[in-house]
Trainee: 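What follows is a structure written as structure tokens; I'll ask about it next.
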2 protein chains.
Amino acid sequence: MTNTASEGQPERKRGSGARVVYESLRDEILDLSLAPGSPIDEVQLAERFSMSRTPIREALVRLAGEGLVETLPNRSTMVSNIDFLNLHTFFDAITLMYRVTTRLAAQNHVVTDLDIIRGHQAEFAAAVAAQDALAMIATNRAFHAAIAEAGRNPYYTALFLRLLDEGRRLLRLYYQSFQDQLPREFVDEHEAMIAAIAERDLDRSDRLARAHADQIVRQIQQFLARDTRQDIAL
Amino acid sequence: MTNTASEGQPERKRGSGARVVYESLRDEILDLSLAPGSPIDEVQLAERFSMSRTPIREALVRLAGEGLVETLPNRSTMVSNIDFLNLHTFFDAITLMYRVTTRLAAQNHVVTDLDIIRGHQAEFAAAVAAQDALAMIATNRAFHAAIAEAGRNPYYTALFLRLLDEGRRLLRLYYQSFQDQLPREFVDEHEAMIAAIAERDLDRSDRLARAHADQIVRQIQQFLARDTRQDIAL
DNA sequence: TGCATTCTATTTGTCGACAGGATACTTGAC
DNA sequence: GTCAAGTATCCTGTCGACAAATAGAATGCA
């Protein structure tokens, strides 16, 4: 059956072709649906989205600009690998962004910002309670994105979002490891950060953000360094 | 005469089309050869570079990804405006990147890094002596880029380079204002930073970077706030 | 004369097709 | 049997063309 494309297609609008492909591929890469290192075939994508190669290529160029795919000249583009050897630079950068955005949020937020932040925090708490790993990742990102927005510095916000997205692949690995016993601390830490921001306590916001980042980094590092060898008597 | 394209053209290599256009447009935007807000016509560029619209569009997509052009759907793309109202966020971010990269360079550099850094510093000093504004901007960027490279954190390096490039448009305005009396302090500050990095003095590197950033920010703010009204007796 | 509407023209978004390279496979020689 | 050269096939980079959408001009109406 190959005629599925010819009938039920919802008639995409004119300028939306590349965006749909971009967002779809982006989600699949960050959710590890597309494995790091796997090649990407343009004609295959063109068939799948039932459109020409032109918008596909535009989406790939955008993804390459964000480092999510790597394109070798005259050869197939592939999903970027996770650079485990240089993870410490990633942790260093994202820790700094946690701190800076939270500090700036304490300084520059307006009241409506707090409502938005609290809303995302409620959704995050619900996701933790429901033990929904994917929802936890999404709502956690939204929570910190809202804090960064309240900080009112687009440069920090953009870098932070990029780092959070790149970390999404790590978090996906991480959360998969313990779907049952979920980190309740994160919810409490978020609450403390909200309180510090609301009181416009810059230094406390900074400290809490740093502790939060350290907590996450430590957990992921423990996960990566875990020893799964079984103690078998020989 | 329209046959200029058919004869003297240096026969571009296969994969290089979009890169040439990207780099050319990027330089022209950052040098203010293309005024902020001016529209960009694809067919015009296609004629100018004597190639199809496809590589032109790819270059524009990349530039849009870096925020150097803004593309309105179904309408012409235009050179991004300089956001003078939010300059303080730019200054805040670039100051932090000055500090972080210099501090990390003091921590992580190897001896060959210092040679490279000193080489760029020599070129910068020569440009200052020659009162060549464009060369000053270029060599100054290379100097700080080398420091960032020595810091070994690609996330910081990438953001810093983006900020330096975006600042290139400001610096272009700034340096144009006093081609004669050039800021000799910058050369001395660079030397002090090199010394602190070489001695692996993290805190001193940080302080010097911050002072250097403050110096530049102050100069640009003074330039932007200058009062050019003439005192005419009425 | 001013405003709304229709028509036109320019420009973008998308498409199908072709050619240049690169990889993989086949064939031949040592 | 192994290595090298030639060949075939696949995929990307580029091209010219068409269609949708918007902006501007022209026209009609109050």
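First the proteins, then the strands, lettered A, B, ... as listed; each starts at 1.
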Trainee: Rounding to a whole Å, what distance do you find between Glu58(A):CD and dT14(D):P?
Mentor: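 Value for this atom pair: 15 Å.
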
Trainee: Are Arg62(B) and Val61(A) packed together at the side-chain level, in the sense that at least one heavy-atom pair is separated by less than 4.5 angstrom?
Mentor: yes

Trainee: Rounded to the nearest angstrom, tell me the gap between atom CG in Asn74(A) and atom C1' in dG13(D).
Mentor: 7 Å

Trainee: Please list, in 5' to 3' order, the outermost nucleotides of DNA chain C lying under 4.0 Å from any heavy atom of chain A.
Mentor: dT12(C) to dT23(C)

Trainee: Starting from C1' on dC11(D), measure out to CZ on Arg53(A) and report it in whole angstrom.
Mentor: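 Answer to the nearest Å: 8 Å.
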
Trainee: Which of these, Thr101(B), Asp113(B), Asn108(B), sits in a side-chain hydrogen bond (donor to acceptor under 3.5 Å, both in side chains) with Arg152(B)?
Mentor: Asp113(B)

Trainee: So among Asn81(A), Leu87(A), Leu85(A), which one has a side-chain contact (heavy atoms from CB on, under 4.5 Å) with Asp83(A)?
Mentor: Leu85(A)

Trainee: Do Ser24(A) and Val20(A) come within less than 4.5 Å of each other through their side chains, counting heavy atoms only?
Mentor: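 Result yes, sub-4.5 Å side-chain heavy-atom pair found.
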
Trainee: Is the shortest side-chain N/O distance from Arg75(B) to OP1 or OP2 of dA21(D) below 4.0 Å?
Mentor: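 Checking dA21(D) against Arg75(B), no side-chain N or O comes under 4.0 Å of OP1 or OP2.
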
Trainee: Nearest to the side chain of Ser76(A), which nucleotide is it out of dA21(D), dT12(D), dG13(D)?
Mentor: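 Among dA21(D), dT12(D), dG13(D), the one nearest the side chain of Ser76(A) is dT12(D).
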
Trainee: Testing Arg218(A), Gln219(A), His212(A) for side-chain contact (heavy atoms from CB on, under 4.5 Å) with Ile216(A), which one passes?
Mentor: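 For Ile216(A), the side-chain contact (heavy atoms from CB on, under 4.5 Å) check succeeds only for His212(A).
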
Trainee: If an axis is fit to five pairs at each end of the helix from dT1(C)-dA30(D) to dC30(C)-dG1(D), what is the angle between the two, to the nearest 10°?
Mentor: 0°

Trainee: By the 4.0 Å heavy-atom rule, please label Leu60(A) as base, sugar-phosphate, or nothing.
Mentor: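 Result for Leu60(A) = nothing.
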
Trainee: Counting any heavy atom closer than 4.0 Å, what does Glu42(B) reach on the DNA or RNA strands: base, sugar-phosphate only, or nothing?
Mentor: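 Answer is sugar-phosphate: Glu42(B) comes under 4.0 Å of backbone atoms only.
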
Trainee: Got Asn140(A) and Phe186(A) here, is their nearest side-chain heavy-atom distance under 4.5 Å?
Mentor: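 Side-chain contact under 4.5 Å: no.
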
Trainee: Could you state the CD-P distance from Glu47(A) to dC10(D), rounded to the nearest angstrom?
Mentor: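 In whole Å, dC10(D) P and Glu47(A) CD are 13 Å from each other.
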
Trainee: Measure the distance from CE on Met78(A) to P on dT12(D) and round it to the nearest whole Å.
Mentor: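 Value for this atom pair: 11 Å.
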
Trainee: Only one of Glu149(A), Arg141(A), Met97(A) forms a side-chain contact (heavy atoms from CB on, under 4.5 Å) with Leu161(A), so which one is it?
Mentor: Arg141(A)

Trainee: Can you confirm whether the side chains of Glu166(A) and Tyr155(B) place a donor and an acceptor under 3.5 Å from each other?
Mentor: yes

Trainee: His190(A) vs His144(A), test: ring-ring contact (aromatic ring centres under 6.0 Å, His included). Steps then yes/no.
Mentor: CA-CA 9 Å; His190(A) 280 187; His144(A) 288 290; 5.0 Å; yes

Trainee: Pro73(A) or Ser16(A): which one's nearest nucleotide on DNA chain C is closer to the 5' end?
Mentor: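 Closer to the 5' end of DNA chain C: Ser16(A).
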
Trainee: With a 4.0 Å cut-off on heavy atoms, is Ile40(A) in touch with a base, just the backbone sugar-phosphate, or nothing at all?
Mentor: sugar-phosphate

